[in-house]
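Whatever order the structure lists them in is the order used to number ligands and atoms, beginning at 1.
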Amino acid sequence: MASKRVQDIAKNLKELPKQYVQKESKRPIQTSPPSSPIPVVDLHLLSSSHEDEMKKEMERLRTALQTWGFFQAIGHGISSSLLDEVGQLARDFFNLPMEEKQRYSKIGIGGHEDGMEAYGNDIVYSEDQILNWNDRIYLLVTPEEERKLDRWPENPSTFRQILHEYSTKMKEVGDFLLKAMAKLLDLEENYFVSRFGEKATMFVRFNYYPPCSRPDLVLGLTPHSDGGGITILLQDNAVDGLEVLRDGEWVNVPAIPHALLVNLGDQMEALGHGISSSLLDEVGQLARDFFNLPMKEKQRYSKIGIGGHEDGMEAYGNDIVYSEDQILNWNDRLFLLVTPEEERKLDRWPENPSTFRQILHEYSAKMKEVGDFLLKAMAKLLDLEENYFVSRFGEKAKMYVRFNYYPPCSRPDLVLGLTPHSDGRGITILLQDNAVDGLEVLRDGEWVNVPAIPHALLVNLGDQMEIMSNGIFKSPVHRAVTNSEKERVSVAMFFSPDPQTEISPADELVDTMKSRLYKKVKAEDYIQIFLKNYAQGERTIDWAKV
Ligand code: OGA
Ligand code: NI
């Protein structure tokens, strides 16, 4: 049965229906004005022919995207009269008699949530579902040939024509923004446009929030981030209502007349490195959950005397003691080969947490893409053929994951989570703990903290990459320090050339001006020597120098 539209409920309200009442912790409380103003970006200036002006505005865009994830766009080139018309269109449509609006509805179909185009409100799936105080009409506008015109209102009579016009302009603004964002990230201008593809879709959602006598109990829309790429919002020019969560507080986003609010969706966030925040959070949680299991459970994935990593063996463990004077790392780990898939030793892959294998599999697949992308980008940086490193790594290239666990330590001044080292393989991509710092890198003789940026991945070159680049790329020395109160986890993914590959500087990088700096060494031999040196706290790269 079609649920009643919110507009109808609001009109004849005697008592607030309980399905709309938010749980106490979710109820809207008095919001604060933003402590710093919501960023405004002038799109016109982003393409200014005055270099300084353009660069300044690009920096504003960068800051806006990094700190807020959204901004008010002005200078977007859409006339105020068109924007006013679109706003009026929304009002006029929702003010039609219910019977008229219902022509664009489908029984039980509410639009948006189920991806269905229609007029409607929340579909009730379960009794305890809490509903949004919101009616809407949701329509696909691009590609044009996929429009379902039977759901496009004919009343107001200008509806279709104005929406068509607005969509055309919006498509331009959207493409412009995608290009600007690619440039910000030093990507090729069309990177995002082509990732979106020719079949990219654009949907419009007209929202209607009836007045509500108890704004303290209900929400127009419950907290969410948008799932897609970019959202461009035209706000009501007279009534505020949008709030954004910032440093744990809800702040009001006031409407600026004729500005458009640009908001990044989850998929846009993911496009930077191709991995969604939710997957990254899951992987971090996986690490925590695994290490927090009872020791007996974890030991199922261990082998007596085998610690993982140092000897290249896959297992749960910690440092293997080779000698009495060896100084040990304050670190437990789980080290596993993830690629090639057919070489996985699944008996060492935890089955607890129950999602472990599936999430690690998913993460590895995404990481492989990121790794290959990086190898290509690095080849291009060195003016080598794009696939140079990918083919040197070979079809039998390996990818290993290392889950690191650093328990709290009462004397962080005396111990190290990991002693200074550079990574021995090709590339490392590290997912850091999102709450506790600990990684440090040696820079000009000083240890500097590498703070975790939420959902960013840290890329770190290993010795073998230094060798292949003939020293143009450096493998940095880094270490992990401990924390007296908090445990810390990290997840390192190591990209390793085929063990049989001969690692040597690329011929193209050696000429009369620049001599060959490293000798040729088989990848697996390098790792063997590396692991021995590592246990002694020594570096191996110097050994490889000619
Ligand atoms: C590593 C490493 C750093 C960290 O696993 O090789 O350097 O922050 N980890 O855990
Ligand atoms: Ni390392």
(message) Using a 3.5 Å cut-off on N or O atoms only, is Gln432 in polar contact with ligand 1?
(response) no

(request) Specify whether Tyr301 and Phe290 have parallel, tilted or perpendicular ring planes, treating 30° as the upper limit for parallel and 60° as the lower limit for perpendicular. (result) tilted

(message) Short of 2.8 Å from the Ni ion (ligand 2), name each protein N/O/S atom, waters not counted.
(response) His421 NE2, Asp423 OD1, His478 NE2

(request) Tell me, with the steps shown, if Ile429 and Leu374 meet side-chain contact (heavy atoms from CB on, under 4.5 Å). (result) CA-CA 10 Å; Ile429 303 184; Leu374 285 170; 3.8 Å; yes

(request) Taking only Lys NZ, Arg NE, NH1 and NH2, and the carboxylate oxygens of Asp or Glu, determine whether Arg333 and Asp319 approach each other closer than 4.0 Å. (result) yes

(request) Could you tell me whether Thr428 approaches ligand 1 through its side chain, its backbone, both or neither, with non-hydrogen atoms closer than 4.0 Å? (result) neither

(message) Within the 4.0 Å heavy-atom shell around Arg488, which atoms of ligand 1 are there?
(response) 4 (C), 8 (O), 10 (O)

(request) Taking side-chain contact (heavy atoms from CB on, under 4.5 Å) as the test, write out the residues that go with Ile359, two or more places apart. (result) Leu279, Glu282, Val283, Leu286, Thr355

(request) Return yes when His421 approaches ligand 1 closer than 4.0 angstrom through a heavy atom, no otherwise. (result) yes

(request) Kindly identify the option in Leu418, Asp433, Asp423, Asp437 whose heavy atom sits closest to atom 2 (C) of ligand 1. (result) Leu418

(request) Mind checking side-chain contact (heavy atoms from CB on, under 4.5 Å) for Leu360 and listing every partner two or more places apart, or none if nothing turns up? (result) Leu336, Val338, Trp349, Phe356, Ser364, Val401, Phe403

(message) Can you name the atoms of ligand 1, numbered from 1 with element, that are less than 4.0 Å from a heavy atom of Phe494?
(response) 5 (O), 6 (O)

(request) Inspect the contact between Arg443 and Glu446 and indicate whether a charged nitrogen and a carboxylate oxygen are less than 4.0 angstrom apart. (result) no

(request) For the pair Lys366 and Glu369, find out whether any cationic side-chain nitrogen is under 4.0 Å from an anionic carboxylate oxygen. (result) no

(request) Only pairs at least two apart or in different chains count here, so list each ring pair (Phe, Tyr, Trp, His ring centres under 6.0 Å) that has a residue in residues 502-523. (result) none

(message) Against ligand 1, does Arg479 come closer than 4.0 Å with any heavy atom?
(response) no

(message) Taking Arg516 first and then Asp507, would you say they form a salt bridge - that is, a charged N and a carboxylate O separated by under 4.0 Å?
(response) yes

(message) With heavy-atom distances below 4.0 Å as the criterion, list the atoms of ligand 1 near Leu439.
(response) 3 (C), 8 (O)

(message) Would Val521 and Lys519 count as a side-chain contact (heavy atoms from CB on, under 4.5 Å) here? Give the steps.
(response) CA-CA 6 Å; Val521 54; Lys519 52 190 178 203; 5.5 Å; no

(request) Considering the heavy atoms of Tyr406, write down every atom of ligand 1 situated less than 4.0 Å from one of them. (result) 3 (C), 4 (C), 9 (N), 10 (O)

(message) I'd like to know whether ligand 1 has His478 as a neighbour, heavy-atom separation below 4.0 Å.
(response) yes

(request) May I ask you to check if Arg425 and Tyr400 form a cation-pi contact, with NZ or CZ under 6.0 angstrom from the six-membered ring centre and within 45° of the axis? (result) yes

(request) Specify side chain, backbone, both or neither for Arg425, according to which of its non-hydrogen atoms lie closer than 4.0 Å to ligand 1. (result) neither

